[in-house]
Amino acid sequence: MSHLLKDLNQAQLKAVTTTEGPVLVIAGAGSGKTRVLTRRLAHILTTRLAEPHQVLAVTFTNKAAGEMKDRVSQLLGGQTAQLQVSTFHSFCARLLRREAHRLSYKSDFTIFDAEDSRTLAKNCIKELGFSESQFLPKGQLRKISDLKGQLTGAESFTTQASGYFETRTAAIYSLYQKRLRECNAMDFDDLLFNTVWLLQNDQEVGDRYRWQFKYVMVDEYQDTNHVQYLLLKALLDEHRNICVVGDEDQSIYGWRGADIRNILEFERDFPGAKIIKLEQNYRSTAVILKAASAVIQNNEMRKDKTLRTDTGEGDKLELLMVDSAEEEASHVIEQIMARSDPHDLKETVILYRTNAQSRPFEEQLRRRNVPYQIFGGISFYERKEIKDLVAYLKLIANPADDVSFERIVNYPKRGIGTKTLAQIATLARVKNIPYLQVAVNAKEYPELAGKLKRLEPFVTLIGKYSDLVRSQPVDLITQDLVEELEIIPELLSEDPIIGQTKVENIEAFIEGTVEYARANAEAHLTDYLSEISLFTDLDSYRDMNDKLTLMTMHSAKGLEYDTVYLVGLEEGLFPLQRAIADPMELEEERRLFYVGITRAREKVCVSLARARFRFGEVEAVPSRFVSEIPEELINKHDFRTHHLYDYSASAQPSRTPASVSKAPAADREGTYYEYEEDEMLQPGRIVSHPTFGRGKIITVEGFGESLRLQIMFSGLGLKKIMAKYAKLKVIG
DNA sequence: CGATACGACATTTTT
DNA sequence: TGTCGTATCG
């Protein structure tokens with residue numbers, strides 16, 4: 001037997017060797033998914049079913065792609081240069097660079113990141129004269145992203161849009177796309193959208209790729225969205241050798257458009273599909289698996305699957321109940337320090353629902369001098385100093401990139417303010433040329449006469465580097481640029497302390513370009529930009545030595561640790577308030593809990609606080625997820641000074657909100673003054689709203705800070721209102 | 001143009 | 001309660 005087929009269980013072996021036709025591998029947590037994927041890929045290659053360039057493996061993160069490539073390369077002893085293991089986005093970016101001309105794009109198009117997109121969207125909303133508070137760039141982009149995810153283009157949305165908000169969104173969408181095109185830029189969603197469009201509508205391109213890829217594999221299939229699904233379909237007409245691997249219980253990106261139906265309905269989508277379930281878990285103890293299964297069983301939307309393990313029973317879970325977020329942090333840290341050898345710190349992780357929860361833990365860790373690392377928050381490439389520098393590179397590589405132009409034309413200060421910029425923008429619109437071209441032609445425009453002296457050095461600078469791009473490697477260009485712009489002294493003079501970190505970041509960035517240039521001698525600036533725009537911090541995550549790790553549960557997917565702390569297990573926080581009302585969202589929260597708990601090999605500790613300050617209010621009922629863990633699997637440690645809630649009484653907190661929320665109010669004077677108001681906000685009451693005026697309460701949902709009302713306002717109709725934001729007065 | 005003040009807002013975020 | 005973004009003033 002080939003070494004590729006050794007050490008595999010029955011199901012794994014079947015998954016590796018079933019190469020023809022559609023295959024769905026349901027891979028439970030810790031069931032050796034990556035091993036199956038890599039072996040399968042290597043198996044296809046060594047048995048000569050396909051040449052390396054005929055296989056495509058898609059993942060969601062660069063990190064996962066890199067790991068897979070490394071492992072396959074190890075199995076085969078090199079020979080993987082031609083292998084296409086990449087993320088959805090980088091696969092599409094590469095394809096589009098080759099085929100850009102078919103979409104009337106240039107092949108050196110820029111990829112806009114989230115911030116670039118936001119700037120552009122904001123400008124579009126402004127330009128259209130829409131109210132910026134009513135049409136928030138963030139919300140509009142969310143909608144545009146959803147539409148692109150459904151393969152609905154701007155034109156087709158415009159024809160189907162109706163009503164005040166939709167027609168305006170359609171206008172924003174259309175203008176946004178128009179501007180992107182003018183900038184020779186695509187956003188993240190465009191990469192997928194345009195690729196699918198090409199494959200579906202350009203016969204030649206479609207045929208070529210369908211013919212090329214004999215085998216396609218997809219990791220984390222439960223997190224694919226509709227466009228990604230269509231992309232696979234568009235690649236698959238002929239051979240239909242597709243193997244998707246996933247676990248519907250770990251689908252946690254529904255809010256981003258991931259469509260759990262893709263995996264649940266795979267058999268219907270791909271008739272004749274073979275289903276292989278990997279149910280043997282190699283990671284966690286039996287107790288952990290039992291707890292995880294018991295909780296996830298409360299979900300309706302899942303395929304039945306039972307994880308088994310040969311590992312021993314293991315320790316029971318621990319439940320830590322304390323009074324506040326601060327005490328939660330100190331108890332948890334104390335426990336970690338008491339029980340783990342210092343070298344175990346890297347095998348311990350603290351997982352929370354929201355990034356904001358990291359703060360008290362950070363404070364404790366700093367106070368006690370415990371080494372730690374936090375993931376999340378602003379990523380390296382989102383830092384202002386890096387983005388500014390990258391904007392220069394982007395503009396140098398793509399002179400049509402107006403968003404980058406706007407960002408740096410006055411950085412460092414050149415005396416080119418908003419007024420000048422607005423004039424440039426107007427001229428660019430009228431002449432139908434990029435901003436930079438307006439600046440280049442500045443002397444032709446009387447409006448800019450006064451600014452000639454200020455624009456000229458900038459234009460010269462960009463022009464100089466644009467010429468250099470052809471002859472110089474990325475790292476030299478970047479170094480020269482940093483020097484010429486005098487960025488480092490500038491940063492240090494602003495604020496020596498903060499400036500120092502910024503300078504270090506700039507230096508780290510330069511270091512990155514040096515490494516890149518060394519590894520990719522032939523690469524052009526565009527290639528480098530393309531790579532970094534599709535790169536995230538998580539990709540550079542390495543197990544640092546002896547450091548405690550903190551991150552959100554979302555970020556933890558795919559990782560594993562000996563000991564896992566799941567903190568903040570309170571109704572309203574986990575599950576989040578807004579998920580409680582919606583069964584679909586609630587199930588996703590539960591899957592998130594499942595993901596969290598199954599990261600652990602040996603020990604799980606969950607914790608909750610009796611009271612937690614959030615926007616100045618207290619509220620805390622133990623999470624239902626805690627009560628879904630069978631009693632016999634968990635040890636409880638109650639450090640609360642008040643035993644207001646019976647732990648078992650939290651089983652259905654949503655059904656008895658009022659009585660539960662009353663308890664703390666009675667006990668803590670002054671902290672819950674809103675309670676009396678809540679009491680009065682009942683259906684039938686007449687209230688007055690600062691902007692909407694008088695209205696009648698129709699329905700009341702939730703309690704405390706999440707109290708939501710439906711109010712009928714005269715002339716304005718029914719509005720949904722959060723009581724904590726609206727300053728309502730009861731007047732009748 | 002830059003600094004300060006006030007008000008609005010408040011999940012998660014593979015690319 | 002903290003952060004961020006806009007508005008306004010000097």
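In what follows, every heavy atom counts, from backbone to side chain, and hydrogens, waters and symmetry copies are set aside. Letters go in sequence order (proteins before strands), and every chain restarts at 1.
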Reckon A/D189 touches a base, only the sugar-phosphate, or nothing at all at heavy-atom distances under 4.0 Å?
nothing
The complete set of salt bridge (charged side-chain N to carboxylate O under 4.0 Å, His left out) pairs with one or both residues in residues 409-423 of chain A, sequence neighbours excluded, reads none
Notebook entry, point to check: On a plain distance test, is the side chain of A/R578 in donor-acceptor contact with the base of B/dT11 below 3.5 Å?
Noted result: yes
Could you list, one pair per line, each protein nitrogen or oxygen that sits under 3.5 Å from a nitrogen or oxygen of nucleotides 1-7 of chain B, together with the distance?
from: B/dC1; atom 1: OP1; to: A/G417; atom 2: N; distance (Å): 2.9
from: B/dC1; atom 1: OP2; to: A/T418; atom 2: N; distance (Å): 3.4
from: B/dG2; atom 1: OP1; to: A/K413; atom 2: NZ; distance (Å): 3.4

Enumerate the protein-to-nucleotides 6-10 of chain C contacts in which both atoms are nitrogen or oxygen and the separation is below 3.5 Å.
from: C/dT6; atom 1: OP1; to: A/K122; atom 2: NZ; distance (Å): 2.8

Ranking A/L191 and A/L592 by the position along DNA chain B of their nearest nucleotide, the one closer to 5' is A/L592
Item to complete: Determine, answering yes or no, if A/W255 is stacked on B/dT11 under the 5.5 Å centre rule and the 30° plane rule.
Response: no
ask   = Quantified in whole Å, what is the C1' atom distance between nucleotide B/dT14 and nucleotide C/dT3?
value = 26 Å
Centroid separation under 6.0 Å, is that true for the rings of A/Y253 and A/H554?
yes
Taken in chain and number order and not counting sequence neighbours, the residues that satisfy salt bridge (Lys or Arg N to Asp or Glu O under 4.0 Å) with A/K138 are none
A/N225 atom CG is separated from B/dT14 atom P, nearest whole Å, by 15 Å
For A/R261, the salt bridge (Lys or Arg N to Asp or Glu O under 4.0 Å) test, sequence neighbours excluded, returns A/D259
With sequence neighbours left out, the residues meeting salt bridge (Lys or Arg N to Asp or Glu O under 4.0 Å) with A/K451 are none
